[in-house]
Protein chains: 2
Amino acid sequence: MTLSRRGSYAAAAAICLARAYESGRPKKLREVSAEMAIPRTFASQILGDLVHAGIAVSAFGRDGGHRLARPPEQVSVAEVIEAAEGPLASGRCALRDGPCRWQEVCPLHETMTTATASLREVLAATSLAMLAARDAAIAGGTYPVPADSHRQAADVADSVQVELPLAAIAARLSAATAWLTAVAQACDQGEQQADGLPKTVAVHLSQAVEADGTQQAPLVWEAVGPGGVYPRFQGELQLSALDPERSELRVRGSYRPAPGTHHRPPGEAQRRRAAHAVLRDLLRRIAAGLEHEHAPAAR
Amino acid sequence: MTLSRRGSYAAAAAICLARAYESGRPKKLREVSAEMAIPRTFASQILGDLVHAGIAVSAFGRDGGHRLARPPEQVSVAEVIEAAEGPLASGRCALRDGPCRWQEVCPLHETMTTATASLREVLAATSLAMLAARDAAIAGGTYPVPADSHRQAADVADSVQVELPLAAIAARLSAATAWLTAVAQACDQGEQQADGLPKTVAVHLSQAVEADGTQQAPLVWEAVGPGGVYPRFQGELQLSALDPERSELRVRGSYRPAPGTHHRPPGEAQRRRAAHAVLRDLLRRIAAGLEHEHAPAAR
DNA sequence: CGCGCCTGGAGAGCGTCACGTTCACCCTCG
DNA sequence: CGAGGGTGAACGTGACGCTCTCCAGGCGCG
Ligand code: FES
Ligand code: FES
């Protein structure tokens with residue numbers, strides 16, 4: 001699920017309109033374009049989409065411009081994105097050609113419908129007002145994550161050895177987002193005995209680049225919960241060969257423990273120890289998973 | 001979230017391999033291509049993606065072919081789709097250019113991360129084994145939906161008048177998936193006092209086509225729950241002008257009540273009555289929503 | 001032991017279409 | 001009537017879907 005340029009511009013423009021809604025005056029096209037870094041002529045198109053969808057209204061003339069048709073609390077992100085990118089639930093079958101007909105559904109239908117519905121449920125639960133509030137919080141430096149990330153974050157590094165040739169690991173990791181997510185989620189649950197907040201774990205492992213024998217890829221591992229974004233780890237994962245049959249997996253970066261486990265902010269040393277423990281756990285799980293998975297293939 | 005051709009082929013090929021996994025023998029490229037209607041040379045690329053991702057293994061020679069690397073129970077749909085289409089969680093910022101950096105997150109980040117994570121959670125919860133089972137059930141005619149749809153479905157039609165010009169309604173409906181979903185969900189909750197099963201509601205409203213003054217669009221409204229797919233309504237929504245200021249909204253199609261509300265399958269007359277009641281509810285909610293929303297804009 | 005057949009693998013190449021962008025036109029009010 | 005401002009159509013580009021061609025690994029047969 002990656003937003004096209006059109007969709008991201010629409011979101012930006014909508015935020016811009018939401019900010020100006022209180023004033024009651026329409027926002028001019030060029031203002032939106034300038035504030036949000038959208039090409040002028042393209043911005044007109046984007047705002048046109050919003051108008052067509054009934055999200056915004058436009059006016060000609062000297063005091064013309066665009067304005068939200070409803071208060072920002074009543075406009076969901078899903079609406080905005082759909083206005084620009086077309087319906088999220090396309091109604092087209094994912095497996096065959098043509099529309100979904102329930103007389104002859106494909107095996108993917110149930111999963112796909114649930115997946116898209118669950119996607120748009122999240123998007124529909126966020127209003128433009130929340131977005132604008134977050135935007136203001138970020139600008140003012142009071143958004144939860146960046147404020148805490150300096151205070152509580154701890155730089156850590158750790159490594160683990162894997163009894164597999166480098167090529168096998170690299171191949172596995174290059175398309176292992178699904179599996180990494182599961183591993184990270186397991187770590188997450190192991191760590192937070194104290195807080196039972198429901199969280200959604202997401203892992204981004206970018207494409208690896210090779211530098212003198214060492215594969216290196218940026219890794220972001222984060223959890224999102226009701227209280228906001230809790231970034232957990234950002235850094236890089238390095239992979240190098242020890243000998244033809246063994247490799248070393250090294251992780252280095254910044255880790256921030258989950259809030260809620262300690263009532264008082266722990267001391268520096270304690271944080272480092274906690275961060276190290278979780279990171280070690282993550283690495284060991286990855287190594288175990290790799291070796292376990294390749295065992296049957298190597299028989 | 002619409003699957004590209006590459007992704008749908010990958011899913012089809014994976015199902016095909018899953019079917020053949022029990023036999024223990026590799027499936028030849030041409031067999032996969034023929035059974036799943038994938039162009040031969042392109043199928044090679046698709047299967048290559050699966051091999052690279054560690055989902056399948058390939059063998060040369062007389063008894064060569066492709067085979068799943070793991071039992072189908074351990075392969076998730078998310079893996080398959082990501083193998084073909086690249087990571088679902090791109091790690092790129094939805095609002096600006098470049099990757100997501102937590103030092104300076106955009107206001108959309110939290111929502112987007114949750115949305116993509118929630119999407120892939122659903123996709124990761126479905127295994128190839130389930131897909132293959134569903135495929136077999138569909139082929140054998142024992143898949144829940146098609147089997148029941150003939151027995152319990154009731155053809156119904158209803159209409160409602162809206163105090164708005166046709167153009168206004170058409171414009172609103174053309175990009176109203178988000179809002180329609182909410183309306184349908186409200187109907188759903190109103191109906192099922194008896195069963196508290198968690199369901200995900202999805203509404204597909206396709207593009208309207210005009211035929212002598214009447215806009216007409218296929219409409220599918222369905223709910224997905226733990227027991228499988230429960231299609232609820234499939235038919236079409238018609239929109240015609242009564243006079244310049246009033247329009248008629250007409251729905252006609254086939255409706256199937258939610259299972260669980262009645263312990264015994266109700267009689268034909270009773271089903272028709274129930275279907276009619278729900279449909280009327282849906283139409284009235286739509287009309288109310290339309291008039292309410294356009295009231296402030298028309299002041 | 002080596003040749004030939006049967007299998008998949010890799011890359012270049014090409015047509016198509018949607019997306020991003022730009023331009024010229026039209027509307028409203030002072 | 002002209003300056004400000006929004007609207008729609010036209011255009012170029014790049015990514016995707018697909019095909020073609022040549023290459024490489026395994027197995028059996030002579
Ligand atoms: S029938 Fe295939 S996705 Fe709906
Ligand atoms: S920072 Fe914008 S989506 Fe992550």
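Sequence lines set the chain letters: A, B, ... in the order given, protein chains first and strands last, and positions in each chain run from 1.
Computed from coordinates, the B:E31 CD to C:dG8 C1' distance equals 14 Å when rounded to whole Å. When the P atom of C:dA18 is taken as reference, atom CD of A:E85 falls 15 Å away, rounded to whole Å. We find that CG of A:D49 is positioned 14 Å from C1' of C:dA18, with the value rounded to whole Å. Per the geometry, CD1 belonging to A:I46 stands 13 Å off P belonging to C:dT22, to the nearest Å. Rounding to whole angstrom units, CG of residue A:D97 and P of D:dG17 are separated by 12 Å. If you measure from atom CG of A:L3 to atom C1' of C:dG20, you get 15 Å, rounded to the nearest angstrom.
For B:E222, the salt bridge (Lys or Arg N to Asp or Glu O under 4.0 Å) criterion is met by no residue, not counting sequence neighbours. Here B:Q216 pairs with B:E236, B:Q238 under the side chain to side chain donor-acceptor pair (under 3.5 Å) rule; sequence neighbours left out. In terms of the side chain to side chain donor-acceptor pair (under 3.5 Å) criterion, A:R92 has no residue partners (sequence neighbours excluded). With sequence neighbours left out, B:R5 forms a salt bridge (Lys or Arg N to Asp or Glu O under 4.0 Å) with A:D97.
Residue B:Y9 places at least one side-chain N or O closer than 4.0 Å to OP1 or OP2 of D:dC18.
A donor-acceptor contact closer than 3.5 angstrom is absent between the side chains of A:S76 and A:S127.
Counting non-hydrogen atoms under 4.0 angstrom, A:R6 reaches the backbone sugars and phosphates but no base.
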For residues 32-48 of chain B, which side-chain donor-acceptor pairs fall under 3.5 Å, sequence neighbours excluded?
{"residue": "B:S33", "atom": "OG", "partner": "B:I38", "partner atom": "O", "Å": "2.8"}
{"residue": "B:E35", "atom": "OE1", "partner": "B:R19", "partner atom": "NH2", "Å": "3.1"}
{"residue": "B:E35", "atom": "OE2", "partner": "B:K27", "partner atom": "NZ", "Å": "2.9"}

Each nucleotide of nucleotides 1-12 of chain D classed B (base within 4.0 Å of a protein heavy atom), S (only sugar-phosphate) or -, in 5' to 3' order, makes ----BSBSB---
